[in-house]
Structure formats: structure tokens, C-alpha cells
There are 2 protein chains.
Amino acid sequence: MADPHTPDSHPLLRKLGRYARLSAAERQAITSLLRREAAFPEHTDLVRQGQMLTKAAIIREGWAIRYRTLRDGRRQIMNFLLPGDMFDLCAFLLTASDHSIAALTPCKISFVPVSSITDLFRRWPRVGAALWKSALQEEAMLRERILSLGRRSARERAAHLLYELWVRLGIVGLRNGGDFDLPLTQADLADALGLTPVHVSRTLRYLRQQGLIGMSNRHVTILRPREEGQYGEFGRDYLHLTPIRDPVAPPVGHA
Amino acid sequence: MADPHTPDSHPLLRKLGRYARLSAAERQAITSLLRREAAFPEHTDLVRQGQMLTKAAIIREGWAIRYRTLRDGRRQIMNFLLPGDMFDLCAFLLTASDHSIAALTPCKISFVPVSSITDLFRRWPRVGAALWKSALQEEAMLRERILSLGRRSARERAAHLLYELWVRLGIVGLRNGGDFDLPLTQADLADALGLTPVHVSRTLRYLRQQGLIGMSNRHVTILRPREEGQYGEFGRDYLHLTPIRDPVAPPVGHA
DNA sequence: CGGAAGGTTGAGCCCCATCAATTATTGTGG
DNA sequence: CCACAATAATTGATGGGGCTCAACCTTCCG
């Protein structure tokens, strides 16, 4: 279980702290969302396409994916969900999910009733702004993936994705210099990159030979962290890592 | 200029009307956003990547695109913006745009200051919910495009896109039975589908030969509108066309 | 009517898919 | 700790979907 009394223990606090310097009260408000935590084994479906959404969720530990499949089994991973990421934030609209979410590794996840979210937005507008900013970031990541799949080569795509994961893991303190753990099979990577597992293997070999990455045993090293551009023209703008500039607050309503 | 006094004249009203039966007062509140309208010639950049966002925008007439380019000129269109669509709704976060927006055809667009948006959310929560739902829809369209680019063949992708545009145009009353106008060159389509213009030509020929679409002179006919699945396994769930179920309202805050 | 832009068609090639076999790696029970 | 099976990763050979280059045709518009 999470320990909500240890400040900064939760990756969500790290992430939101990047967007706004949070007061103790604001941090406490966020922490109060993190009470009910549940553990899921790997390869569990957390949300199925078509299911009605009733709660938002926050990941403390483990990797999950958003994905969709076609009838013949082709699968596409839209996004990786890392510790500190939320999903189903828009459960307040009472819609059905248009995609599925699955735990790739064992996960620890807090579920938050919709009312707690809307309360948070109303009472803590600066926190709300930070949450909207992270939603904005996620949408931008979807657009970046569209650019990758449509216009980048397999090698560019792979390099770009690994670099992006390295940056995102850094935000929540889950990397070590250029190194991070990547708990994915090459089949998973293939489904994210729009490739076959065989070609992923060859592509990673190429990146290793180029001296861009080191990779073995589900452990990755970004060998030239200063040379963003070498990784498929990576540019970090789309991750929106800069602080919120202003006391303007975001939309949160209630019934 | 728009005539804000003619109810239902604006495609935004049609679109939001699908999500919630709007009262006269609510319709009036929406209409009040539509005052300041400007016209732009085709191929105008409306927003450039990196630019600070200061206003939200609503399209009444014309087609626009969200796109990004790589340094060597490769371009990817992330999304088409049709009459009734909004963009830069999250200008309230005072962020820089991570992509560009351009008018493909001559466009008529209303610009809305951030404060009007946050006011609207506070005073008209049902309208706010409808706006969030349409934002949700746009995010779902991005995910669907990721699935297309990653896992659908060129033929499936093209069929799926044309069918999607047909559905979306229907929502705002811009189609006529199975027919609609498509003011795009095949180079534009190529940049949306992640293909080359040459291959788009061949792909469309194939779809014509299969009897799925008719196409000439920038005019498209969906020949088997009842057979959604034939169009790249199109499934309309992701467009979230169902009404909002509940008086629960969405997030909108203010300073 | 002439030029420009867009669309079509053909030939050849390349990136990535497919199929298949081999080699790690991981996990499990004796 | 080893034997063994299952899963994952790698490599090779071959094929195909989509790209490239180039020519030709069609449409549009001044």
C-alpha cells in the first residue's frame, strides 16, 4: 500500500511538482486522493473497451498500456502509462471507454471517485491546472506518436520512443543517469512502434551499432543523452515540462 | 461574418446539441462566443508550433489541419478540423503550442478570449460538459489514427478515414446522403495517411474498383454506408456520439 | 489558349513483413 | 543445482506493400 504520509513518496507529486510549486495544503489535497490503492498482477486488463468508466485512476508503481486491437488480432499500443500517470480522468462524463488498458507489469493503482476529482478542481485550482497540464501532455504525446508512425522510419521511431521513455521516467525519478529498466518484450515494443517483433530486433541492433543506445536484459542505456536530435529528431517541447506561468486556473465543474 | 442571431446556423450548436438538449439560454451562451469572427484565405497558418496560445478558436466554415513537420520536410497531418470544431481550448494553461494549425480552404473562425471560456464553464455546466465531451472525442480520434497508422494497411486506412469524415460531416449537416465534398489534394491525404501521393492515387483506385467509394473532382460518395465494417473495420464508438447521460458537469475553473 | 497544379500510370527498388530455424533467457519442479 | 519446458530474442531467406523516379494526362484558371 502507498504511504500517503510520506511526502514526495508518490510519483504523482513529483510530476505535478514540476508544474507548480505546491503548498503543503495542496500536497495534502493530492495525497488524499491516494488512499484506496489496489495491486494488480501483470497482464491484467484494467479497463476494457466499451466498459463504462466510473472512477479515475492513478498509478504509483508498474507499467500499463492503452491499446486497441483489430478483429484479426493486430494490436496497437497507443501509449505507455508510467508511475505518476493517471487515466480515465474524464470519467466524470460517464462515457464508455473507447480503448482498453492493461497492466504490463504488476501495478499498484489508486482509484478515485469522480466526486473527489471535481472537488479537488474546485477547491485547489492550482492543482487542477497541473492536472490539466498533464492531460495536455498526454494528448501531445499521442500527436507525437502519429508523427512517428506516419513519417519516421523504424529506426527513428524506435530511437525516439526510447528517448521519450527515458525523459518521462526521469520526471518521476525512475532513471539512473542514462539507464532505465524497460519491462517490455520486443513484441510489446513492436505493437507500440507499428512493426513486427523480428524487425524490432534488427532495429535495436542497428541502434546499438550506431552507439545510440545500449540494451540488454530489459535494461536500456541512452548513450548520448545530450544529442536529443539524434534520436529521431526528438524535441522535448511536446512534453510540456515547463512550470505553469500564472495563477489562471483550469476548468473544474460539479453537478 | 456569422449571424449570431440565427439559431442553429452555427455548426457548433449542431454538434453540441447532439450531446445535450440545450435550453434557449444555453444556446444563447454559446452564441455569445461567436461574435468576433475573422476570415482567412486558404493555406494560411493559423497557429505555429512554439507560439504562445492566448485565445481559443471555433471554426464556422472551411477545413483546417493540425500538423507537424520534420526538418527534411516530411509532414504529418494529425487531424482535420471541420466546421463546428474548436482548437486551442486549453489556452487557459498559457502554454506554447506543440504543433501547427493551418487553413486548408478559406476559413471563417471565431476567436474567444480565455476568460469567456472559463466563464462559460462556470455559468453553464451542461454546456461545459458538452465541450469536454467534444474534446474527449478529439483525443479518441487521435488514438484511432494511431491504430490506423500502426496496424491498418493503406487501403484500410484510406477507407477508414473517408468514412470517418463522412460521419463527422454528417454531424454538422455537411453531407448529402452518401456524398460529401473533400477539399483536399491527394498530397494532403497522403500526409494524413502516412503515404506518398502516388500510392494514395493507387489506393483510391482500388477502393473505387471495390465499389466502396466513388470519388472524383474532390467529391466523395460512400457507396455502402450501412457496411461500416468494410471501411477498415470502422466502428463509431470512438466518436462518442451519444448524449451525455447525466447532469454531472465538467471541470472549469477560474483564477 | 497556355501554363501550372494535380492526378494517373509504369518500372524498379527498398524497407519491412513473413516464415522458419536456432539460440538465449526465464521459470519450474525434482 | 540441474533438467526441462516455455518464452523471448536473434538470424537467415524470401516476398510484398509501399516508395521513388519519371513520363504522361487531366483539370483548372487567368
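A note on names: the letters A, B, ... follow the listed sequences, proteins ahead of strands, and every chain is numbered from 1.
Remark: C1' of D:dA9 and CG of A:L184 are 14 Å apart, rounded to the nearest angstrom. Computed from coordinates, the A:L193 CG to C:dA17 C1' distance equals 15 Å when rounded to whole Å. The interatomic distance linking B:Q209 (CD) with C:dT9 (C1') rounds to 13 Å, in whole Å. Atom pair B:L149:CG and C:dC16:P shows a separation of 15 Å (rounding to whole Å applied). When rounded to the nearest whole Å, the span between NE2 of A:H219 and P of C:dT26 equals 14 Å. Between the OH atom of A:Y206 and the P atom of C:dC16 there is a distance of 11 Å, given to the nearest Å.
Listed for the A:D181 side chain is no donor-acceptor partner under 3.5 Å among the backbone atoms of A:P183. Side chain of A:E156 to backbone of A:Y231: no donor-acceptor contact under 3.5 angstrom is found. B:D191 places no side-chain N or O within 3.5 Å of a backbone atom of B:L193 that could act as its donor or acceptor partner.
Ion pairing between a basic and an acidic side chain is recognised when a charged N comes within 4.0 Å of a carboxylate O; A:E138 and A:R143 show no such pairing.
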**Complete:** B/S/- along nucleotides 11-30 of chain D (protein heavy atoms under 4.0 Å) is BBB----BSBB------S--
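Taking the six-membered ring for Trp and thresholds of 30 and 60 degrees, B:F234 and B:Y163 have ring planes inclined between 30 and 60 degrees apart.
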**Prompt:** What's the verdict on side-chain hydrogen bond (donor to acceptor under 3.5 Å, both in side chains) for B:H10 and B:R60, showing C-alpha distance, side-chain angles and the deciding distance?
**Reply:** CA-CA 6 Å; B:H10 199 290; B:R60 181 168 68 84; 5.1 Å; no
**Message:** What verdict does the salt bridge (Lys or Arg N to Asp or Glu O under 4.0 Å) test give for A:R68 and A:D98, after you've listed the backbone C-alpha separation in whole Å, the side-chain angles of each residue and the deciding distance to 0.1 Å?
**Reply:** CA-CA 8 Å; A:R68 284 201 50 189; A:D98 53 68; over 6 Å; no
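Interface residues of residues 66-82 of chain B facing DNA chain C, ordered by number: none; criterion, heavy-atom separation under 4.0 Å.
Defined by atom type and a distance below 3.5 Å, a donor-acceptor pair is missing between the side-chain atoms of B:D188 and B:Y67.
Distances shown here put a side-chain N or O of B:Q186 below 4.0 Å from the OP1 or OP2 atom of C:dT8.
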